[in-house]
Number of protein chains: 2
Amino acid sequence: MAVHKKEEFSTKEQNLAAFAKAISHPARIAILSVLAKRNQCICGEIVEVLPLAQSTVSQHLKELKNAGLIDGETDGPRSCYCINWKAFEKFNTDFNSLFEKLKEANAKCC
Amino acid sequence: MAVHKKEEFSTKEQNLAAFAKAISHPARIAILSVLAKRNQCICGEIVEVLPLAQSTVSQHLKELKNAGLIDGETDGPRSCYCINWKAFEKFNTDFNSLFEKLKEANAKCC
DNA sequence: TTGTTTTATCGTTTTTATACGATTAATAAG
DNA sequence: CTTATTAATCGTATAAAAACGATAAAACAA
């Protein structure tokens, strides 16, 4: 049991789910929000704003980066991060292509 | 350790994260996609389409319902589900209000 | 070279999620 | 009343996520 079957779904479904997973924690929403407001930001500034330990923030940043939602590069001993807007545009497109089609129908159950 | 700190973030951040969490699994994306295409659908039809056991699908449906993304009502021994479009509109609004503002800036790191 | 600052990684613990089979509950059909 | 159909729930096993402290690595400063 507990064998994961994610790979049995379509690529589009997997991609959408992966993006959603990346933003499925309030800390990561908060990180993205800070990056959106400041355009770019070093790790330490994010740690100051969040109610989490440095190692935990670093972990969240890593997940966001792995999911492709942010880019990061080192600047001396610091790490500078910014949002990868292309990933957000892709999410919006795929999201709408799956769910927007019938919105005007506004059906109720049965 | 491993104390969860989700409650220390803003309501908006928590709501966005909760919505994202609900769609963070390809099976739930697939369920929503089926519901969007068919407008409404009984549980058994969804089970037929997905590569998962009935109990697992039922679990996913419960999560989607708890998160407010779908509505469901019983029809005899069957259960009929449909998408709650209002929840999707709210997600779109909140999502954009957090992240859309600086898109045109399109900044690169540092 | 030595020390300081900054961030990433490691190891660990606790909690949550995923998945299934088995069972239960409820309705419909005979 | 009995039986079949349908879906939800329970119990359980495994996997993944969240969080922290401690440590390591890298760059800069003294």
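The sequence lines fix the lettering, A, B, ..., with proteins before strands; numbering per chain opens at 1.
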Legend entry - Candidate pair Leu50(A) and Val57(A), rule side-chain contact (heavy atoms from CB on, under 4.5 Å), full reasoning: CA-CA 8 Å; Leu50(A) 298 199; Val57(A) 172; 4.2 Å; yes
Legend entry - Derivation and outcome, side-chain contact (heavy atoms from CB on, under 4.5 Å), residues Ile42(A) and Asp75(A): CA-CA 9 Å; Ile42(A) 62 172; Asp75(A) 171 30; 5.6 Å; no
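Between Ser58(B) and Lys62(B), the side chains place no donor N or O within less than 3.5 Å of an acceptor N or O (distance only, hydrogens not considered). A donor and an acceptor atom, one from each side chain of Glu13(A) and Ser10(A), are located under 3.5 Å apart.
In this structure Lys5(B) satisfies the side chain to side chain donor-acceptor pair (under 3.5 Å) test with no other residue, sequence neighbours excluded. Partners of Lys90(A) according to the salt bridge (charged side-chain N to carboxylate O under 4.0 Å, His left out) rule, which considers only residues two or more places apart in sequence or in another chain, are Asp94(A).
The closest donor-acceptor contact from the side chain of His4(B) to the backbone of Lys6(B) lies at 3.5 Å or more, if one exists at all. Side-chain atoms of Asp71(A) never come within 3.5 Å of backbone atoms of Asn84(A) as a donor-acceptor pair (strictly under, hydrogens ignored).
The structure places CG of Leu32(A) at 10.5 Å from CG of Leu16(B), a figure rounded to the nearest 0.5 Å. Distance CD1/Ile29(A) to CZ/Phe95(B): 7.5 Å, rounded to 0.5 Å. To the nearest 0.5 Å, atom CD of residue Glu73(A) and atom SG of residue Cys80(A) are 6.5 Å apart.
Here Lys6(B) does not reach the OP1 or OP2 of dA19(D): none of its side-chain N or O atoms lies under 4.0 Å away.
Rounded to a whole Å, the CD1 atom of Ile42(A) is 16 Å from the P atom of dA27(D). Between Glu8(A) atom CD and dA19(C) atom C1' the separation is 12 Å, expressed in whole Å. In this structure, Lys5(A) atom NZ and dT14(D) atom P are separated by 17 Å, rounded to whole Å.
A heavy-atom distance below 4.0 Å to DNA chain D is reached by these residues of residues 50-68 of chain A, ordered by number: Leu52(A), Ala53(A), Ser55(A), Thr56(A), Gln59(A), His60(A), Glu63(A). Near-neighbour residues of DNA chain D inside residues 10-20 of chain B, defined by a heavy atom below 4.0 Å, are absent. Looking at residues 24-31 of chain B, you'll see His25(B), Arg28(B) sit with a heavy atom under 4.0 Å from some atom of DNA chain C. Non-hydrogen atoms lying under 4.0 Å from DNA chain C are contributed by Gly76(B), Pro77(B), all within residues 73-80 of chain B.
Within the 4.5 Å cutoff, side-chain heavy atoms of Tyr81(A) are placed close to those of Lys65(A).
Minimum heavy-atom separation, Arg28(B) to Lys21(B): NH2-O, 3.3 Å.
Closest-nucleotide positions on DNA chain D for Phe9(B) and His4(A) were compared, and the one nearer the 5' end corresponds to His4(A).
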